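What you see is a predicted model, and the numbers here were worked out from it, not measured in a lab. Atoms within a ligand are numbered from 1 in the order they appear, just like the ligands themselves.
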Amino acid sequence: MSGNGSIPFLDLVSLHDELEEELLPVFQRVLKTAGFIGGPVVDQFEQEFGFFCDTAYCIGVASGTDAVRFALMAAGVRSGDVVVTVPHTFIATTEAISQAGARPDFVDIDERTHGMDPNKLRQYLEQECEVDAKNGRLIHRKWNAPVTAIVPVHIYGQVVDMDPIIELAGLYNLIVVEDACQAHGAEYFSRTQNRWMKAGSMGDVGAFSFYPGKNLGACGEAGAVTTNNERVASKIRLLRDHGQSRKYYHQVEGYNGRLDAIQAGILQVKLRHLAEWNRQRRASAEYYRELMEGNWPDLSIPFEPSWSRSVYHLYVVRTLERDKLQQHLTMRGIGTGIHYPIPVHLQDAYRSMGFKRGDFPVAEDVAAQVLSLPMFPGLTAQQQRRVVEEIACFEKTAEEESLQPVRV
Ligand SMILES: Cc1ncc(COP(=O)(O)O)c(C=O)c1O
């Protein structure tokens, strides 16, 4: 708890204070060699993060947005393709799809997990698309364009139910790019493989963001792509570095999308702590559950299916009174967030695509009801009790008000 009794939504200052002794030598080392872009520190971090994710290759890039974009391009998405994702995500997912030259399209999310609903994906593929008899490609009926990839988003740190998605992708020959930007270290029990698998290791490619507030965050912008496909990995190495495999020999036109050495060094230090931080997040989620489960009929807590080990990037509750609850907590000095208030299909940026309210009702309800409570490594049990006491106080007042006789 801070001096004035307030509780931040996220405490990045204390975390970096604790790591100062480990982090400062990173700057010194990079300054002394002046190897700011690429080089051995980036190579080492890539190896270590690939190992952490159980993938053969990891390619550091400049941001999570670049990671999704390069993943799509390297895996084979072409200009004019349709790429299917969910409307309940950060806009970077669809920006990356558009930047890869494709058209984002959506299927709704599951009511309980808030991730892509595999049944809705099946319906989409069966009812809105058809297989071209001439070449076997899947074509979107309305857009008359090939559907080539699926981007499930592991929102809030919980992996999407991947088995049915991978099965559908196999059936229709679609690329799967996992948007794992919020899910460093999250695990999924695959019934088909009969083992726990890491986020970013199940699709053709995985994309991570190391934006500072993520479970593994840089001190600036950074991202990475993970894959077991050597060809895809080489292509991403080209794309991130102006299409060059040797300095000034450009095989294709690429981008300036490299991971810099200072960020890689910082991420290397923090990666050593990630498993423990994720453990702390899971323990805090469990304690929130103990404190809140079943207490109030109108407030639901995160649902973690038996096949999921979430890393609780965010701890998100749902209530019809979201805005009032947030206001109450703010007044009591408790930081919260809304992830995200407007589903992507209803953002102004996509107005020209012609989506309307009611197209994806689950995502729309979720956007109106979700509230992210304080969640970070180092959050204390006392702070959590205080958060829940304030929620209880809000719920009690709301109940009393609803019992007041209506005056006429
Ligand atoms: C689901 C999702 N996808 C993509 C991104 C983009 O990552 P970045 O901000 O590093 O570009 C983010 C980052 O917040 C994200 O949460």
Do the numbers put K324 on top of the ring of F394, so that NZ or CZ is under 6.0 Å from the six-membered ring centre and no more than 45° off the axis? no

Are a donor atom and an acceptor atom from the side chains of [X] and [Y] found within less than 3.5 Å of each other?
X: S310; Y: E304; value: no
X: N278; Y: Y312; value: no
X: T55; Y: N228; value: no
X: N229; Y: D204; value: no

Per-ligand residue contacts, ligand 1, heavy-atom threshold under 4.0 Å: S63, G64, T65, T89, F90, A92, T93, V153, D179, C181, Q182, S209, K214, Y340

Grab the two heavy atoms, one from R191 and one from P164, that are nearest each other, plus how far apart they are. NH2-CD, 4.5 Å

